[in-house]
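Inspection log for the structure reproduced underneath, given as structure tokens.
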Amino acid sequence: MSKIWFEDYQQQWQDWQNQWIDAWKNSIPDVKDLPDASEMFGKALEAQEEAVKASFKIQQDAIDTATNLQKQWSNTYFDTMKQMPLVANK
């Protein structure tokens, strides 16, 4: 049942895309001779996907860098504290 629903949804999505692209092309006179709107849409979608992936990579690198700096700081702090002489109560 879910496969049928998905195929129906996919067809509706494609129909909507085609209607939207046709309406867009018809609203701008110079765009009527657009070579292949679906190909352009696919390329735009790929570019958006790559931008999102790059953004995630940048975010992951920033998180990794921040975590490494925190580890280094805590290691230095505890190493320094372990070398400090203990103060005895008098």
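Heads up: numbering here begins at 1 and tracks the sequence.
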- Query: Linking I/L/V/M/F/W/Y whenever their side-chain heavy atoms sit closer than 4.5 Å, directly or via other members, would W20 and W13 fall into one cluster?
  - Reply: yes

- Side chains of S55 and Q59: donor-acceptor distance under 3.5 Å anywhere? yes

- Go through the structure and list residues passing side chain to side chain donor-acceptor pair (under 3.5 Å) with K57, not counting sequence neighbours. D61

- Task: To the nearest 0.5 Å, tell me how far M84 CE sits from T80 OG1.
- Result: 8.5 Å

- Would you give the length of the straight line joining atom CG of N68 to atom CD of Q70, rounded to the nearest 0.5 angstrom? 9.5 Å

- Item | Contacts of T67 that satisfy side chain to side chain contact (heavy atoms under 4.5 Å, CB included) - sequence neighbours left out | I63, K71

- Q11 side chain to D15 side chain, donor-acceptor N/O pair below 3.5 angstrom: yes

- Query: Hey, are Q14 and N18 close enough side-chain-wise for a donor-acceptor pair under 3.5 Å?
  - Reply: no

- Query: Do L69 and Y77 belong together in a cluster built from hydrophobic side chains that touch within less than 4.5 Å?
  - Reply: no

- Message: Just to verify, what does K53 make a salt bridge (Lys or Arg N to Asp or Glu O under 4.0 Å) with, not counting sequence neighbours?
- Response: E49

